[in-house]
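All heavy atoms count here, side chains included; hydrogens, waters and symmetry mates do not. Labels below follow one simple rule: chain letters A, B, ... track the order of the sequence lines, proteins then strands, and each chain is numbered from 1.
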2 protein chains.
Amino acid sequence: MEQNVIDASGLLAISTRLQRLSDQIRKDGLLIYKAFGIDFQPKWFPVLYTLYKKSTMSVVSLSDEIGYAHPSTISLLKELEKEKLIRSTKDKIDTRKRLIELTEKGKELLANMEPVWEVIIKATAEITNTENNLMKAINEVEATLKEKSFLHRAEAYRK
Amino acid sequence: MEQNVIDASGLLAISTRLQRLSDQIRKDGLLIYKAFGIDFQPKWFPVLYTLYKKSTMSVVSLSDEIGYAHPSTISLLKELEKEKLIRSTKDKIDTRKRLIELTEKGKELLANMEPVWEVIIKATAEITNTENNLMKAINEVEATLKEKSFLHRAEAYRK
DNA sequence: CAAATATACGTAGTCAACTACATAAATTAA
DNA sequence: TTAATTTATGTAGTTGACTACGTATATTTG
């Protein structure tokens, strides 16, 4: 395999490599939705999918669930509200909270997407099902980092 | 292992997961350099490391090498020039080309970083050396995608 | 129960990549 | 040897995430 300098630097550039692969997959994701004639952006996925599974959530709990900072979620919600895919109501008990849910249009879109997801899941399984499984590797690394951070580990090697 | 909805959605959210892991590692990377008293930003790594290994390159060939679009490289180069870590000269044969090289200060910085890199490599190896090795998984997936794109594979499953 | 603290949400601005487009120089073709 | 095409670089503006900070409401504590 031909190697450029960055690939050859291996572990040093792992963050760059992850980023690159993520971008590549996201771009192809967009193309797949387009090819199936569905007006959907991959970045919407975490919010919409979570609401699909959990029906109603506040802004912050939604952010926690998808692992985003809450301002990122807010800007996605604004966009989704403009698309009329979600709607929000005030929590009657805790009035600080804004409860988010899918609209009928949103539910319909997600239902229409199920067959596309199946295809995506199959294609992704095909891609990741190599000797070292990427999804499993990510899960394992995230679990390892939860135990002890990267910084903490690096410092342990310091003389 | 406790699972949130996105993790549970697995393959669908792989791009999101890669992104998140990349960010996390990049942030800790910055902290590691700081902890070692080195004034260095992880985003500089691809450019500087490539110049370290290849000495002189034009803007576009450097971009290709690190896998960035050339405007991204240009803005990094501007920053690095301000830091006096790189310098550029005109190619005498092809006057369109701007040749980039490390300054003495740049070379010195990179030399000082070698011990930090060793620590980073060790810590990264520790993190990625789980049952499914992340670096190997990335390499395998990138090779698989080169053979046949994600989009192409997805379309093959379409009825 | 008043004060201090914590939580929920929002806005503003930043960051590190990108795409789209423009210009100039080099190369190829008519 | 002009004309057309390709290549190299640059600028402007976008994107999708972030942090910092402010305000309002809830909760906890003295």
- Assess the pair Tyr49(A) and Trp117(A): is the distance between their ring centroids shorter than 6.0 Å? yes
- Query: So which of Leu102(B), Ile100(B), Leu85(B), Thr103(B) actually passes side chain to side chain contact (heavy atoms under 4.5 Å, CB included) with Leu80(B)?
  - Reply: Leu85(B)
- Message: Hydrophobic clustering (ILVMFWY, side-chain heavy atoms < 4.5 Å, transitive) - are Phe150(A) and Leu30(B) grouped together?
- Response: no
- Item | Of Ser75(B) and Val59(A), the one whose closest DNA chain C nucleotide lies more 5' | Val59(A)
- Task: Rounded to the nearest angstrom, tell me the gap between atom CG in Leu18(B) and atom C1' in dG16(D).
- Result: 16 Å
- Does the side chain of Glu126(B) pick up a donor-acceptor pair with the side chain of Tyr157(A) at under 3.5 Å? yes
- Starting from C1' on dC15(C), measure out to CG on Leu30(B) and report it in whole angstrom. 12 Å
- Task: Take Lys78(B) and Tyr68(A), find for each the nucleotide of DNA chain D with the closest heavy atom, and name the residue whose nucleotide sits nearer the 5' end.
- Result: Lys78(B)
- Nearest-angstrom distance from the residue atom CZ of Arg20(A) to P of dA16(C): 18 Å
- Could you tell me the separation between the CD atom of Gln19(B) and the C1' atom of dC18(C), rounded to a whole number of Å? 12 Å
- Tell me, which of residues 81-97 of chain A have any heavy atom that sits under 4.0 Å from an atom in DNA chain D? Ile93(A), Asp94(A), Thr95(A), Arg96(A)
- Would you indicate what Ser58(A) reaches in the nucleic acid, counting non-hydrogen atoms under 4.0 angstrom: base, sugar-phosphate, or nothing? sugar-phosphate
- Query: Rounded to the nearest Å, what distance is computed from the NE2 atom of residue His70(A) to the P atom of nucleotide dA17(D)?
  - Reply: 15 Å
- Does a side-chain N or O from Ser72(A) land closer than 4.0 Å to OP1 or OP2 of dC18(D), or not? yes
- Count the heavy atoms of every other residue, nucleotide or ligand shown that sit under 6.0 Å from NZ of Lys105(B), and state whether that count exceeds 12. yes
- If you pin Asp23(A) and Ser61(A) to their nearest nucleotides in DNA chain C, which one's is more 5'? Ser61(A)
- Message: Counting the atoms with a prime plus P, OP1 and OP2 as sugar-phosphate, which does Val60(A) contact under 4.0 Å by heavy atoms, base, sugar-phosphate, or nothing?
- Response: sugar-phosphate
- Can you check the Arg98(B) CZ to dT11(D) P distance for me, whole Å? 9 Å
- What heavy-atom pair brings Arg153(B) and Lys148(B) nearest, and what distance separates the two atoms? NE-O, 2.8 Å
- Query: Are the side chain of Asn132(B) and the backbone of Lys136(A) linked by a donor-acceptor contact shorter than 3.5 Å?
  - Reply: no
- Query: Taking CG from Leu76(A) and P from dG16(D), how many angstroms apart are they, rounded to a whole number?
  - Reply: 9 Å
- Query: Starting at CD1 of Ile74(A) and ending at P of dT15(D), how long is that distance when rounded to a whole Å?
  - Reply: 19 Å
- With a cut-off of 6.0 Å (strictly less than), are more than 12 heavy atoms of other residues, nucleotides or ligands near CD of Glu108(A)? no
- Looking at CG of Asn112(A) and CZ of Phe40(A), how far apart are the two atoms once the value is rounded to the nearest 0.5 Å? 12.0 Å
- Can you name the residues that form a salt bridge (charged side-chain N to carboxylate O under 4.0 Å, His left out) with Glu104(A), not counting sequence neighbours? Lys107(A)
- Name every residue in residues 38-45 of chain B that has at least one heavy atom under 4.0 Å from any atom of DNA chain C, in order of residue number, or write none if there are no such residues. Gln41(B), Lys43(B)
- Message: The side chain of Lys27(B) is closest to which nucleotide in this list: dC18(D), dG10(C), dT9(D)?
- Response: dC18(D)
